[in-house]
K.L.:
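Mind looking over this structure? Questions follow.
Just so you know, these numbers come straight off a predicted model, no measurement behind them. Protein chains get the first letters and strands the later ones, always in sequence-line order, with residue 1 at the start of each.
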Number of protein chains: 2
Amino acid sequence: MESGKRATMVDVAAAAGVALRTVSRYVNGQTNIAPEIAARIAAAIETLNFRRNSAAASIRPGQRSGLVALITEDIANPFYAAVTGAVESVLRRHGYLLLAASSEEDGGRFADLVERLIERRVDGLIVVPPLDPGPRWAALAREIRALVLLDRPVVTEAAAGTGTPTGTGTPTGTEAPTAPGALRADLVVADDRAGGALATRLLLPAGPRVAFVGDTLALPTLAARHRGHLDALHDAGIHADPALTVAGLRESSTVAAGIGALLDAGAAVDGFFAANNRAALGVLSALAERGLRRPVVGFDDIEGAQLFDPPLTVVRPDLAAMGRTAAELLVERIAGSDRDPVVHVVPVDPVLRRSHLAAPAPARVTGPAAAPPAPATSPPPPAPPTRERDHQ
Amino acid sequence: MESGKRATMVDVAAAAGVALRTVSRYVNGQTNIAPEIAARIAAAIETLNFRRNSAAASIRPGQRSGLVALITEDIANPFYAAVTGAVESVLRRHGYLLLAASSEEDGGRFADLVERLIERRVDGLIVVPPLDPGPRWAALAREIRALVLLDRPVVTEAAAGTGTPTGTGTPTGTEAPTAPGALRADLVVADDRAGGALATRLLLPAGPRVAFVGDTLALPTLAARHRGHLDALHDAGIHADPALTVAGLRESSTVAAGIGALLDAGAAVDGFFAANNRAALGVLSALAERGLRRPVVGFDDIEGAQLFDPPLTVVRPDLAAMGRTAAELLVERIAGSDRDPVVHVVPVDPVLRRSHLAAPAPARVTGPAAAPPAPATSPPPPAPPTRERDHQ
DNA sequence: CTCCGGTGGGATAACGTTATCCGCAGTGTG
DNA sequence: CACACTGCGGATAACGTTATCCCACCGGAG
């Protein structure tokens, strides 16, 4: 029974003594089938251990494949893992299976993946576009009926060469940019600009010299966070010091080295806005290695950040909402909606712990010491909107 | 051009003025095609923007679908995200696309997923079996030609009801259990038992009363870690105190509450072996809330654990190796290998930071203080095999 | 009693691909 | 010069499913 070929609908029909068409109707949940016939078919399916071949079914015209793909930069990254989990959850509820792939920030690999996914006839695609999606991407994107861009906008070269990023206007709500002739894709991003401004504002009480630390500003997300950072400085009447923007450092070790050099050079820095996870880990490492305390605010939460020394304050995008929204928009598109593309911006919320506060005392004490729960030296945080929620 | 139906091989053949068969040969990379003909076909493909329909191709007998699925408990969990990343990387290199799904530890959902994946005719399947895979699993598993169990063995009810877990013998190498009539599946697990023993041994210098903290022991991984814990106690001539095994706590908040109660009751505990991530976070939270220091060792690393206060010592399974190995075994099976099932055990390595050491001084100092890089009070760690490597 | 409408089921044609079976042409050798 | 072999290309049959078309049958009504 278990060896040999699988049973097909023809086998089931023969075993049940009915026509192929009737089995197809039964399998597809039609109602107009006599109960007695239905029972015979059910018995035959059970006996033959029949499983409908959905690949065969999907090649018929007008049939969906039931497959959706998500291309991120790296699934192993907890940031994208959180998003992927939310995407998969929504899609499964809608009956889709999720193909997950990593572009590894490589335009060629990215295009190869998209091509293979088109060959697989995915019903829809959610992508985090790599920094340089490569020359083939613009043409490939047009072949995807349902497309959602996640986390980052992408510059569509096909858009009359104007170089206008798709929907990077004023991210302060749900809007429709309607760039004519451009990529017809929805966009789901975090409110990076507002988040960057928020993080910087949290640091300003400690002093005006707030440094921005992060990956290359060629990344739209990083650029937006930096713009928010500058917004906050400008609003506070502070002239931004270009020397305090430390960009282009990707790995946490590189960040640690860069910030270490900055500190060792005696740069005057009142606080650090670490614009992503790796930057935050790098800054904290550099500080810890030197036994220094400086206010730090990170972007995107880190598991166990409340146990850091000091507990790390972050501004946190709602990653589950990003994934959920992207999946829902995609499902809507697959269902045939031809509304104009939308830009959906998910909020970035502060999670106030202690690292954004000025160091209570620059004096150094020898030996690690257990701190009582609430040291009286730390002032209450300014207007706490979100306090440490235990997520997951 | 972009509206309307996709071009098929027939269209390409017509446009190129050749036969369908010739286009098929060209697409499948056959060599016996005249260069001039090949050029005509290439031009036609380019013009018509033809993409081979791999779903249609895969329904032919003897053809692979090129799809492989991975079912974990929860993709959003960094533990499984790391594994998933490694799996995807290997599979992509072999030309497969990866379907990723979460069982959410629900046997029914798990069986539904497997059923849908069989309908999709996946070439192979890697699964982290849920705690209770449900009644349908045993039958479904036999329908999968290439199957690899990941992270946990599973009790196969079909195995003559003996209740012997598939390959949970002595996990100290690569072996073939060859349980007759049982599930023909490879198994890739971490060396949980050795890891548990190692973690406990790291804690013993601080005192004999080492607590085990973790999720339910019904989970094979947790049970193995606990067995290792008992091994280490036994080897040290210590009689294990059942009151020091705190199992069945799943969420970190629950763990924090449970350990908090234990501490508040004045239980004498010399150290904590936190048998998974959530347990570690819970134990550290409970300690931090009370301003207490106790030696702690976790199982599986946490991003930024070196920044915890104190830096968290863990024993770390090589998650990338787990994923890589599982994928490679699967690919080998898909290729037609009919060797006996193997159990592959990946090592668990210690990452020594400071939390496993006895608190240097029970005295409390007010206010968080910056510690110099190497406090003289902390003794050198016993036989350091792996020292803090900056991974990712 | 007959006719008509409605319903359930049977034959059959796609869907886009691969593969088998040939035939034809070109070339090398006897 | 003729025959045989090789090598490439054309018609055609699956693969397993869905859907269109149509007929047979049954009940109710005229």
K.L.:
Confirm from the modelled atom types if A:R21 and D:dT20 form a donor-acceptor pair under 3.5 Å, side chain to base only.
P.N.:
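Under the 3.5 Å cut-off, the side chain and the base do form a donor-acceptor pair.
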
K.L.:
With a 4.0 Å cut-off on N to O distance, would you call B:E119 and A:R51 a salt bridge?
P.N.:
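A salt bridge is absent here (no side-chain N lies under 4.0 Å from a carboxylate O).
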
K.L.:
Counting only side-chain heavy atoms from C-beta out, which of D:dC15, C:dT17, C:dG10 sits nearest to B:I59?
P.N.:
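Output: D:dC15.
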
K.L.:
Checking contacts here: which listed nucleotide (C:dG9, D:dT17, C:dG16) is nearest the side-chain heavy atoms of A:T22?
P.N.:
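Closest nucleotide among those given: C:dG9.
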
K.L.:
Does B:R25 contact D:dG9 through a side-chain donor or acceptor facing the base, at a distance under 3.5 Å?
P.N.:
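Check passes, donor-acceptor contact within cut-off.
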
K.L.:
Does a salt bridge link A:D112 with A:R136, judged by any charged N lying under 4.0 Å from a carboxylate O?
P.N.:
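A salt bridge links A:D112 with A:R136.
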
K.L.:
Rounded to the nearest Å, what distance is computed from the CE atom of residue B:M9 to the P atom of nucleotide D:dG10?
P.N.:
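Answer to the nearest Å: 15 Å.
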
K.L.:
As a test of reading the structure: which of D:dT17, C:dG9, D:dG9 is closest to the side chain of A:R52, going by heavy atoms?
P.N.:
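The nucleotide sitting nearest to the side chain is D:dT17.
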
K.L.:
The side chain of B:T8 lies closest to which of these nucleotides: C:dG16, C:dG9, D:dG10?
P.N.:
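Nucleotide nearest to B:T8's side chain: C:dG16.
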
K.L.:
Any side-chain to backbone donor/acceptor pair from A:R121 onto A:I118? Under 3.5 Å, distance only.
P.N.:
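Here the side-chain-to-backbone pair exists.
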
K.L.:
Would the distance check show the side chain of A:S103 and the main-chain N or O of A:E105 forming a donor-acceptor pair, the cut-off being under 3.5 Å?
P.N.:
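Yes; judged by distance alone, with no hydrogens or angles, the pair exists.
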
K.L.:
Nearest to the side chain of B:V18, heavy atoms from C-beta on, is which of D:dG16, D:dG10, C:dT17?
P.N.:
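Within the option list, the nearest is D:dG10.
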
K.L.:
Between C:dG10, C:dC15, C:dA19, which one does the side chain of B:Q63 approach most closely?
P.N.:
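Looking only at side-chain atoms, B:Q63 lies closest to C:dA19.
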
